[in-house]
Each structure stands twice: as structure tokens, then as C-alpha cells.
Amino acid sequence: MTAENSAIAAAPISVRGGLLQAAAGVAAFSLTLPSTAWGLESFGPWSLAALRTVLAALIALAFLAGRRVPLPQRRHWAPLAVVAGGTVIGFPLLTTLALGTSSTSHAAVVVGLLPLTTAVYGAVRGHRSPSRTFWYGAFAGAAVVIAFAVQQSGGGFSTADLYLFCALLVCAAGYAEGGRLARELPGWQVVGWALAGSLPLAVAGGAVALAYEPVRLTEHGVAGLVWVAAGSTFCGLYVWYRGMAAIGVARASQLQLAQPLLTLLWSVLLLGERLGPVAVVAAVAVLVCITVTQRARA
């Protein structure tokens, strides 16, 4: 690592700044599912997942080359592989496959379990646990999300739910490892190298997928692809990892309790889906849980 990059990595971020950056990441992520739904208007699920990674990786490589960033040290390769497998490849592909048969609103509430899975992974990986009050708020928020998901799906689970639950597991690992690594490397480099490492696989997968899945370009489809590549995958992950490095994986993950509710709002505004009164009640309950977890000492 160069002296310049070491200084950037070591530059302190206030707790308030960390909260704001993590919240900006959540706001970017909240548009991912609606944008993916738009992207599926033009591309097949495998093509869309591959193309978003290719475009995001090219952006990342441009930044890395422009700043002449040296290759990460060997000890960083393993956590970068987890970040790539979880947040760059696994989560985008699994959620895209789920949206082939599931509504955006249903997917949003299931993905709402991500804060709890991330917090648990971070606590186990870091060999420490937040306070009891923190866990009470986290489990209460997860319970609200589960109840809302079950109510909306009529009490059953589908293949799409299986995709989504698997997406939760791999993404939690990627978020937690990325947050830990962002304490040593600048957040944008964590994202950049994870994307760069995924580029060969994404190019190969995209070439195969495009040969079998039809492409019908529309304004929504192109806009959705651009957002999930530049907005969610690169910019969103950048500020998210910086925020986690400042305030901790477990605490930052609880901000994501607001993500499914924001996604529901975007689903209404962008996709025309209906938002029932149950969602309003769930929104208030989740916001209360966020307040509890943020005031608890992590």
C-alpha cells in the first residue's frame, strides 16, 4: 500500500459521518430491486446479473488505474474473495433470479432479514457481541420483517424465497468481511478490487447468457442496468463499507431495517405496485427498532 493510500485508509471518520455514509448506502441499495425489475424488461436474469458486474468492474478498474493503486496484499485476497462472492456475484444473481417469479415488494421484505444475518456474522467473525438491548431491537425488527413477509405471501414459501434466503447468507458474509477490510483499505478499493477480481467470470458468464437469453432494449431496462451497476454495485458499496468501518458491522447493519420499507416506497412510485396498510404499520415498528439499536451501545 502506498503512503497516500495508507493515509486515506487511516483517515478517521466520525460516528455521525459513518452513520450518514452507511445510510447513503442503504438508500442506494433500496433502489436495487426496483431497478433490477426494470432491467428484467430488457435482459434475462443471468444476462442482467453478469452485465451489471461487468459495467461496475469497468468503472472500478478505471478508478484503480487512474489512482495507480497497487495490487492488494496477499492477506487481503481471502476477504476480497468473500466480498466478491457475496456482494458482487451471489446476491445480485440470486435476487435477480428471485424477481423472475416474485414481486419486488415481497422480495423487499424477505431481504429485510439482512441486518440480522449481517450482525450475527459480524459478531461471530469478530468474536464479540453487542449489548442485550441491541439484540432485543435487532430480533424485534427481524420479527416484524418476517411477520410482514409471511402475511404478504399468504403463509407459504416459494422457490423465489429460497433464492432470497440464500442471497441473505452470502451477502451478510460479504458485507461483514468488506466492513472489516475497509478498516485497512479505503472502502472504494475494497469494492474496486472485489469487482475487478469478478470481471473474468462475469464476462464469460455474460457471453454465455446473452447467447441464450433474448435482449429487448427499453428505456427502463437500460436505466435499471445502469443504476444497479453504477449506483448500487459501485457507489452504494463504497459509502456502505466506509460507514461500516466507522461505526461497526453490527450497528451499521441495523440501518438496513429501513431498506425494505424504502424499497416498498420505490415499488409504488416506480413500478406502480400497491402498498397496503400493513406496510405502514410495519414501517413504524421497524423505525422504532432502528431507534433502539442505534441508541444501544454496540
Side-chain angles (χ1 to χ4, degrees), residues 13 16-40 48-49 51-60 62-63 83-84 86-96 99 104-105 107-115 118 164 167-168 170-172 174-176 178-179 182 186-192 194-195 198 220 222-247 249 251-271 283 286 290:
I13 305 175
R16 183 177 180 181
L19 286 170
L20 289 175
Q21 292 201 44
V26 170
F29 298 153
S30 71
L31 277 162
T32 299
L33 294 179
S35 297
T36 300
W38 272 7
L40 287 172
L48 179 61
L51 288 174
R52 69 180 282 181
T53 300
V54 169
L55 293 179
L58 292 176
I59 296 173
F63 273 82
V83 175
T87 61
V88 175
I89 298 175
F91 185 80
L93 176 59
L94 290 167
T95 52
T96 302
L99 287 176
T104 302
S105 57
V109 293
V110 176
V111 172
L113 291 175
L114 185 56
T118 303
L164 293 170
L168 290 176
V170 298
C171 191
Y175 278 171
W188 72 272
Q189 288 187 25
V190 174
V191 178
L195 285 165
S198 304
H220 280 175
V222 174
L225 172 61
V226 170
W227 177 259
V228 293
S232 299
T233 305
F234 184 76
C235 296
L237 287 175
Y238 165 58
V239 294
W240 172 244
Y241 283 140
R242 279 184 59 85
M244 281 199 296
I247 65 178
V249 173
R251 199 172 186 184
S253 68
Q254 299 314 301
L255 290 174
Q256 284 192 301
L257 286 170
Q259 184 175 324
L261 305 171
L262 289 173
T263 300
L264 289 174
L265 177 61
W266 295 126
S267 298
V268 173
L269 296 177
L270 300 178
L271 304 177
V286 169
I290 291 175

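Residue numbers count from 1 along this sequence.
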Distance col, row Ile247:CD1 vs Arg242:CZ, nearest 0.5 angstrom, shows 12.5 Å
Value for OG (Ser105) from CG (Leu261), rounded to nearest 0.5 Å, stands at 12.0 Å
Nearest heavy-atom contact between Leu262 and Ala27 is CD1-CA, 4.5 Å
- Message: If you define the side chain from C-beta out and look only at heavy atoms, does anything of Leu237 sit under 4.5 Å from Tyr175?
- Response: yes
Between Ile59 and Ala230 the two heavy atoms that sit nearest each other are CD1-CB, 3.9 Å
To the nearest 0.5 Å, atom CD of Gln21 lies from atom CG of Leu255 at 12.0 Å
Closest non-hydrogen atoms of Ala84 and Ala194, given as atom of the first, atom of the second and distance, are CB-O, 3.6 Å
Would you say Thr263's side chain and Ala108's backbone share a donor-acceptor pair under 3.5 angstrom?
no
Heavy-atom closest pair (Val286 atom, Ala258 atom, distance to 0.1 Å) is CG1-N, 4.3 Å
Residues passing the side-chain contact (heavy atoms from CB on, under 4.5 Å) test with Leu94, sequence neighbours excluded, are Tyr163, Cys166, Ala167, Val170
request  = Go through the steps for Leu31 and Leu270 under the test side-chain contact (heavy atoms from CB on, under 4.5 Å), then give the verdict.
outcome  = CA-CA 10 Å; Leu31 277 162; Leu270 300 178; 3.8 Å; yes
When every non-hydrogen atom of Thr104 is compared with those of Leu99, the smallest separation belongs to CA-CD2, 3.9 Å
By ring pair (Phe, Tyr, Trp, His ring centres under 6.0 Å), Tyr241 pairs with (sequence neighbours left out) none
Residue set satisfying side-chain contact (heavy atoms from CB on, under 4.5 Å) with Val268, at least two apart, ordered chain then number -> Leu275
Sequence neighbours excluded, the answer for side chain to side chain donor-acceptor pair (under 3.5 Å) partners of Ser30 is Trp266
Sorted by chain and number, sequence neighbours left out, ring pair (Phe, Tyr, Trp, His ring centres under 6.0 Å) with Phe234 holds for Phe63
Do Cys171 and Leu114 touch side chain to side chain, with heavy atoms closer than 4.5 Å? yes
Those residues at least two apart in sequence (or on a different chain) that pass side-chain contact (heavy atoms from CB on, under 4.5 Å) with Thr53 are Val88, Ser198, Ala202
The side-chain contact (heavy atoms from CB on, under 4.5 Å) partners of Leu164 (sequence neighbours excluded) come to Thr95, Ala98, Ala107, Val110, Val111, Asp161
In short, Ala56 meets Thr233 closest at the heavy-atom pair CB-CG2, 3.7 Å
Anything under 30° is parallel, anything over 60° is perpendicular, the rest tilted; go ahead and classify Trp38 against His220. parallel
Sorted by chain and number, sequence neighbours left out, side chain to side chain donor-acceptor pair (under 3.5 Å) with Thr32 holds for Ser232
